Amino acid sequence: MSDRVPTRIVILGGGFGGIYAALELEKLLREERNRDLEVTLVNRENFFLFTPMLHEVAASDLDVTHIVNPVRKLLRRVKFFEGDIRSVDLAAHEVVVSHGSDIHQHALPYDNLVLGLGSVTNFFGIPGLESTALTMKSLGDAIHMRNRLIACLEEADLECCSTRRQELLTVVVAGGGFAGVETLAGINDFVREALPHYPNLHADQLRMVLVHPGEVILPELGPKLGAYAQGKLAARGVEIRLKTKVAGVEDGLVTLTDGTQMAAHTVVWTAGTSAHPLLQEIPCAKERGRLRVDSFLQVEGTPGVWALGDCALVPDAKNGGYYPPTAQHAVRQGKVLARNLLATVRHEPLEPFRFRTIGQLAAIGRRTGVAQVFGVQFSGFLAWWMWRTIYLSKLPRFEKKLRVALDWTLDLFFAKDFVQFSTSRSRAEGAPALGAMPVVPVVPVPVVRSPEQEAAA
């Protein structure tokens with residue numbers, strides 16, 4: 001048995017970049033000569049979320065659990081730690097992570113650190129927006145949006161709510177990029193399909209509004225496909241407000257920059273992201289809040305620290321500038337980074353990250369889509385079929401692929417379900433409501449270190 005001390009690699013973040021770096025290391029760990037590596041993935045949730053299909057959960061096209069993969073089923077040799085990242089100490093080569101019901105803390109030492117923390121929603125300080133708007137970045141967001149839409153339909157159908165029916169049936173989505181367009185297209189189909197089951201509601205009472213600051217939606221796909229998508233959405237009753245932004249939200253009233261005001265019970269914000277706030281506390285080279293890395297994905301001026309995905313500015317040597325923060329880039333960055341980690345341990349040459357964008361696709365509802373693949377543009381049913389085929393092939397694990405394929409097949413024959421998912425617990429008659437139960441204060445617990453760590457300290 002070897003007495004060599006293993007090289008400790010800690011990956012922070014279980015998004016596309018972090019999970020695919022871990023998956024690539026998982027393959028490398030199968031080889032006997034790589035058994036002296038100890039890899040740990042840290043993530044707040046114990047699953048990997050396939051975000052391109054998130055809007056289909058909100059629109060009841062897919063079951064909640066079918067677009068998530070348990071990390072422990074994906075990774076067998078890589079260790080997993082479910083918890084919140086509290087701090088990163090570059091000098092001590094240590095990450096502090098908290099978890100458990102008592103929120104106690106652990107110190108995780110590392111030799112190489114991978115930062116794949118992704119991004120967070122940026123509300124740009126717009127009055128009332130952060131406290132009011134829904135977002136579409138997590139599985140909880142999709143479930144919450146679905147519940148909100150159904151709750152609005154249930155309330156609006158009652159005669160006592162006739163005076164505020166228009167507000168309940170108005171949805172404003174801010175952001176005409178992929179997330180905003182796919183979200184609005186999906187929920188528009190979902191709500192309109194549910195309307196016949198509500199006798200007091202009619203399609204002409206529904207108001208779906210897409211607010212976009214540019215001259216055409218989906219600008220990443222070019223004006224032609226953007227105009228096509230606009231035409232299709234408009235034909236399905238969507239109101240598109242171009243060259244306009246949300247200026248504020250107050251008491252259910254949405255104000256736009258052109259002075260328009262509309263009462264809307266549901267506001268969805270997909271128009272901005274910013275770097276993870278933890279990055280501001282890490283003394284590394286940054287630009288616009290994101291970490292500057294070299295072509296090998298090493299953080300500039302900080303040996304042993306690597307970054308990828310949304311939180312990194314990865315230089316594009318061929319075209320100048322930086323690679324866009326998309327899932328397809330993060331997946332390839334994860335694989336290259338993992339191989340470079342091993343090359344660093346083996347004192348071998350590193351591999352620069354080079355990747356040409358394959359294409360971009362968007363589903364715009366009713367078996368219609370737009371796509372640009374290798375510079376060729378597609379629209380209509382073919383683009384929608386390409387969207388489903390390509391993303392299904394990218395979804396990890398055969399089990400999940402099969403479940404999603406079955407959901408999509410059943411969707412051809414049966415209507416969407418509009419059942420709310422309640423997470424509240426039932427209680428016995430006369431028992432206090434959960435909201436009235438006393439809050440137990442959290443007592444800070446010292447950082448837990450192993451005997452080896454204490455001896456080293």
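In this text, all values refer to a predicted model and were calculated from it rather than measured experimentally. Residue numbers count from 1 along this sequence.
- Contact of the H212 side chain with the T244 side chain is not registered, since no non-hydrogen atoms from C-beta on lie closer than 4.5 Å.
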Exercise for review: Apply side chain to side chain contact (heavy atoms under 4.5 Å, CB included) to the pair H106 and H99, showing each step before the final yes or no.
Suggested key: CA-CA 8 Å; H106 289 258; H99 79 133; 3.2 Å; yes
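- Atom CZ of R397 has more than 12 heavy atoms from other residues, nucleotides or ligands within 6.0 Å.
- Between R77 and L25, every side-chain heavy-atom pair lies at or beyond the 4.5 Å cut-off.
- Side-chain contact between I143 and R148: absent, with no pair of heavy atoms (C-beta onward) separated by less than 4.5 Å.
- For K79, the NZ atom sits in a loose shell: 12 or fewer heavy atoms of surrounding residues, nucleotides or ligands are nearer than 6.0 Å.
- Between F353 and F355, the two ring planes are tilted [angle within 30° to 60°].
- Applying the side-chain contact (heavy atoms from CB on, under 4.5 Å) test between T266 and each of V172, V171, V173 identifies V171 as the sole match.
- Residues I390 and L392 are not in side-chain contact: their nearest non-hydrogen atoms beyond the backbone lie 4.5 Å or more apart.
- Counting non-hydrogen atoms of other residues, nucleotides and ligands closer than 6.0 Å to CZ of R346 gives a total above 12.
- Taken to the nearest 0.5 Å, the CG atom of L184 stands 11.0 Å off from the CE atom of M136.
- Considering CG of N69 and CG of L75, their distance stands at 10.0 Å, rounded to 0.5 Å.
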Check your understanding: Run the side chain to side chain contact (heavy atoms under 4.5 Å, CB included) check on W306 and L341 step by step: do they pass?
Key -> CA-CA 9 Å; W306 312 69; L341 278 170; 3.3 Å; yes
Table please: side-chain donor-acceptor pairs of residues 213-228 below 3.5 Å, with sequence neighbours left out.
residue, atom, partner, partner atom, Å
Y228, OH, G380, N, 3.3

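- Two residues are said to be in side-chain contact when any heavy atoms from C-beta on lie closer than 4.5 Å; L337 and Q298 fail this criterion.
- Atoms OH and CG, from Y20 and L308 in turn, are 13.0 Å apart once rounded to the nearest 0.5 Å.
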Practice item. For the pair V181 and L210, evaluate side chain to side chain contact (heavy atoms under 4.5 Å, CB included) and give the outcome as yes or no after the intermediate values. Key: CA-CA 8 Å; V181 170; L210 180 63; 4.1 Å; yes
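- Residues A151 and Q420 approach most closely at CB-NE2, 3.4 Å, considering heavy atoms.
- What you find for F80 and N43 is that their closest heavy atoms are CE1-CB, 3.9 Å.
- Annotation for Q377: atom CD counts as buried by contact number, over 12 foreign heavy atoms lying within 6.0 Å.
- At most 12 heavy atoms of other shown residues, nucleotides or ligands fall within 6.0 angstrom of atom NZ in K232.
- S98 and D84 are not linked by any side-chain donor-acceptor pair at a separation below 3.5 angstrom, with hydrogens and angles left out of the test.
- You'll find the side chain of F123 stays beyond 4.5 Å of the side chain of I126, heavy atoms only.
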List the atom pairs, with distances to 0.1 Å, where a side-chain N or O of residues 52-64 and a protein N or O form a donor-acceptor pair under 3.5 Å, not counting sequence neighbours.
residue, atom, partner, partner atom, Å
H55, ND1, P52, O, 3.4
E56, OE1, W408, NE1, 2.7
S60, OG, R146, NH2, 3.1
S60, OG, D417, O, 2.8
D61, OD1, K416, NZ, 2.2
D63, OD2, T65, N, 3.1
D63, OD2, T65, OG1, 2.9

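- Between the side chains of W387 and E182, at least one donor N or O sits under 3.5 Å from an acceptor N or O.
- Looking at every heavy atom in both residues, C311 comes nearest to G116 through SG-CA, 4.1 Å.
- The shortest distance between side-chain heavy atoms of T121 and W269 falls below 4.5 Å.
- For the residue pair S295 and P315, the shortest heavy atom distance occurs at N-CG, 4.0 Å.
- In the model, H93 has no side-chain atom that pairs as donor or acceptor with a side-chain atom of D111 under 3.5 Å.
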Point to revise | V191 vs C152, side chain to side chain contact (heavy atoms under 4.5 Å, CB included): CA-CA, chis, key distance, verdict | key: CA-CA 10 Å; V191 174; C152 287; over 6 Å; no
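- In this structure, a donor-acceptor pair under 3.5 Å is absent between the side chains of R241 and T257.
- We find that E300 and R292 are joined by a salt bridge, their nearest charged nitrogen and carboxylate oxygen being less than 4.0 Å apart.
- Within the model, atoms CD1 of I364 and CZ of F178 stand 11.5 Å from one another, a figure rounded to the nearest 0.5 Å.
- Here the straight-line distance linking atom CG of L350 with atom CG of L297 works out to 10.0 Å at 0.5 Å rounding.
- In terms of heavy-atom proximity, A247 sits nearest to P127 at O-CD, 3.4 Å.
- Contact annotation: the side chain of R332 approaches that of I358 to within less than 4.5 Å [non-hydrogen atoms, C-beta and beyond].
- Separating the OG1 atom in T51 from the NZ atom in K137 is a distance of 8.0 Å, to the nearest 0.5 Å.
- By the neighbour-count criterion of 12 heavy atoms within 6.0 Å, atom CD of E250 is sparsely surrounded, having that number or fewer from other residues, nucleotides or ligands.
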Practice item. Might you work through the side chain to side chain donor-acceptor pair (under 3.5 Å) test for R339 and T344, ending with a clear yes or no? Key: CA-CA 9 Å; R339 294 193 291 269; T344 300; over 6 Å; no
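- Using a 4.0 Å cut-off between a side-chain N of Lys or Arg and a carboxylate O of Asp or Glu, R76 and E26 do not qualify as a salt bridge.
- Under a cut-off of 6.0 angstrom, the local environment of NZ in K286 is crowded, with over 12 non-hydrogen atoms contributed by other residues, nucleotides or ligands.
- The distance between the ring centers of F190 and F418 does not fall below 6.0 angstrom.
- Counting only N and O atoms by type, the side chains of R288 and Y322 include no donor and acceptor under 3.5 Å apart.
- In terms of heavy-atom proximity, Y110 sits nearest to D89 at OH-O, 3.8 Å.
- Each of V314, L313, T273, D310 was checked for a side-chain contact (heavy atoms from CB on, under 4.5 Å) with P325, and the lone residue meeting it is D310.
- Side chains of T357 and H329: a donor-acceptor N/O pair is present below 3.5 angstrom, by distance only.
- Proximity of a side-chain donor or acceptor of R72 to a complementary backbone N or O of F47 within less than 3.5 Å is not detected.
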